[in-house]
Amino acid sequence: MGIEAAQAPAPASPSSVRRVAANPLTLWIAFLVVHLVLGWLAMHGDGMGLGDVYLVYKPWAQLAAQGTSIVGVQADWVYPFAALVPIMLPLLAGADNYVGGWLTLVLLLDAAAFAVLIGGRERRRIAAAWWWLAFLLLLGPIAVGRLDAVSVSLAIVGMLWLMLHERAAVVTLTIATWIKVWPAALIVAAVIALRSRWRILVTGVVTSLLIVIVPLIFGAGMHVFSFITAQTGRGLQIEAPVSTIWMWQAALHVPDAVVYYDRDILTFQVTGAGSVTAASLMNPLLAVCAVVVALIGVRAVRRGTPVTRILPELSLALVSAFIAFNKVGSPQYVAWLAVPVVIGLVYQGRGFRTPAILVGFTAALTQVIYPYLYGWLLAVDTGMVAVLTVRNLLYFVVLGWAIAALWRGKRGAEADGDVLPEHAWPFRAPKQEPSGSPVARL
């Protein structure tokens with residue numbers, strides 16, 4: 001026994017584990033395994049993880065390729081015009097292979113974002129990369145089965161480039177915004193947090209104009225802006241946080257509280273006493289919350305809080321507000337939260353551990369809801385409504401954490417030794433303006 005114990009291999013030391021985890025080969029193998037698992041679940045798992053891809057995106061792409069009906073040009077559309085590009089690209093693999101083409105597109109875009117993230121092998125970037133892979137697994141097939149996957153990968157690249165290649169970063173974020181609107185929250189955060197805010201605004205506006213010119217040349221007219229108003233009059237989607245009230249009413253068989261399918265929007269919605277009024281109030285509430293969060297961000301800037309503290313927390317607060325006060329609650333919206341968390345882990349390390357855990361848990365609950373047990377939610381099963389309630393409450397917890405962290409401002413940054421000081425960034429610090437200039441004073 002003693003001889004066997006003496007010959008037993010010593011356990012791996014923490015330093016050796018970290019070396020293996022930081023090895024590029026290990027990281028890329030993990031990346032491929034995660035995406036193979038997600039692809040298999042999307043294609044063969046229960047539910048309709050790729051439902052939008054072959055039921056919605058593919059017909060849009062085919063009609064556009066035929067010139068029959070180009071959404072955003074010849075007809076109103078719920079998405080910004082640039083979304084047509086990633087929707088049509090999978091047709092290069094052939095109509096019969098559209099799903100495979102879509103998954104390949106997402107894989108390549110995620111790989112590009114992953115390569116930028118792990119560049120330089122800095123410790124916090126490696127930790128953020130492992131968190132992102134874990135997050136994708138926790139979120140499940142929806143992480144690769146929606147248009148949001150394209151915007152998320154572009155947004156990660158844009159935010160990581162922001163301190164090193166600002167113009168390229170803003171162009172990337174603007175393109176992502178013209179695919180799905182939500183990255184506009186990241187641009188707003190950058191405008192508030194960075195001293196080069198006017199340059200960021202000009203770059204974003206010029207990029208937007210160049211994108212809009214394309215459909216206008218082909219006679220799109222006001223169709224190109226239809227995504228702004230297309231969802232204004234819609235009802236409450238069943239997964240939205242505000243809809244939880246009526247989902248519980250439907251589960252408890254309160255009269256008039258029912259789940260129904262909206263064939264115009266192609267989503268399941270819930271209705272009941274007061275739901276129409278609530279739906280009409282959500283956009284104003286979202287706007288008010290966004291303004292309040294932005295003002296708290298301005299306050300943090302004026303107090304001299306480091307950009308490494310402001311940018312991730314303000315981004316997280318704005319993005320989570322976009323979800324928490326949205327009357328649309330599609331499951332893929334959780335993927336948006338990955339971007340500010342990745343940036344927060346890169347900038348702050350352990351200082352961003354709490355939202356990283358909360359967002360991961362939110363993703364896991366979302367995978368339970370969709371696609372596997374979505375039928376139970378449509379049947380308004382009380383157990384599934386309870387899961388949905390916890391998931392929706394987590395949005396507000398994440399929002400509350402981000403606002404509180406942002407409000408603590410400079411004192412919180414000074415007390416948190418894990419926040420990366422500006423002079424030690426793994427990026428090039430932004431150009432310092434003279435202390436007396438209007439830009440420096442905000």
Side-chain angles (χ1 to χ4, degrees), residues 9-42 86 100 102-141 143-144 149-166 168-169 172-173 176 186 308 311-312 315 335 337-353 355-357 359-360 363 418-421 424-429:
S13 65
S15 59
S16 63
V17 172
R18 283 195 293 269
R19 282 196 298 271
V20 172
N23 187 291
L25 181 60
T26 305
L27 286 162
W28 282 110
I29 289 174
F31 175 88
L32 290 174
V33 169
V34 166
H35 281 77
L36 286 173
V37 169
L38 292 175
W40 187 91
L41 288 173
W102 174 266
L103 291 175
T104 302
L105 173 65
V106 172
L107 173 68
L108 294 176
L109 289 172
D110 280 359
F114 196 71
V116 174
L117 178 56
I118 64 175
R121 296 176 63 186
E122 197 270 332
R123 177 176 59 85
R124 294 182 180 183
R125 287 171 171 259
I126 300 301
W130 281 109
W131 179 87
W132 188 33
L133 293 180
F135 171 84
L136 291 174
L137 279 179
L138 290 170
L139 184 54
V144 296
V150 175
S151 62
V152 166
S153 57
L154 291 175
I156 288 176
V157 172
M159 293 299 282
L160 289 171
W161 277 353
L162 201 53
M163 301 301 176
L164 186 60
H165 310 289
E166 184 184 273
T172 304
L173 288 172
L186 304 175
T308 47
L311 189 59
S315 298
L337 296 172
V339 181
V341 171
V342 165
I343 302 306
L345 290 172
V346 170
Y347 282 5
Q348 298 185 21
R350 291 189 302 272
F352 231 72
R353 179 171 49 193
I357 293 171
V359 170
D418 199 55
V419 175
L420 194 65
W425 286 357
F427 329 96
R428 185 180 65 200

Do L337 and F135 come close enough that some side-chain heavy atom pair is under 4.5 Å? no
Tabulate below the donor-acceptor pairs under 3.5 Å that side-chain atoms of residues 153-163 make, not counting sequence neighbours, or state none.
{"from": "S153", "atom 1": "OG", "to": "A149", "atom 2": "O", "distance (Å)": "3.3"}
{"from": "S153", "atom 1": "OG", "to": "V150", "atom 2": "O", "distance (Å)": "2.9"}

pair L41-V144: side-chain heavy atoms closer than 4.5 Å: no
Looking at every non-hydrogen atom in both residues, tell me the closest pair between L186 and S315 and how far apart they are. CD2-CB, 3.8 Å
With a 4.5 Å cut-off on side-chain heavy atoms, are W130 and L345 touching? no
Minimum heavy-atom separation for A143 and L136, please, with both atom names. CB-CD2, 3.8 Å
Show me the side-chain donor-acceptor pairs of residues 20-39 shorter than 3.5 Å, one per line, residues at least two apart or across chains.
{"from": "N23", "atom 1": "OD1", "to": "L25", "atom 2": "N", "distance (Å)": "2.8"}
{"from": "T26", "atom 1": "OG1", "to": "V20", "atom 2": "O", "distance (Å)": "2.9"}
{"from": "H35", "atom 1": "ND1", "to": "F31", "atom 2": "O", "distance (Å)": "3.0"}
{"from": "H35", "atom 1": "NE2", "to": "D110", "atom 2": "OD2", "distance (Å)": "2.8"}

I need the minimum non-hydrogen distance between P340 and F352, along with the two atoms involved. O-CE2, 3.6 Å
Report the distance from atom CZ of R125 to atom CG of L117, rounding to the nearest 0.5 Å. 6.5 Å
Under the side-chain contact (heavy atoms from CB on, under 4.5 Å) rule, what do L133 and F114 come out as? Steps first, then yes or no, please. CA-CA 9 Å; L133 293 180; F114 196 71; 3.9 Å; yes
Shortest non-hydrogen separation from W132 to A113 and the atoms involved: CH2-CB, 3.9 Å
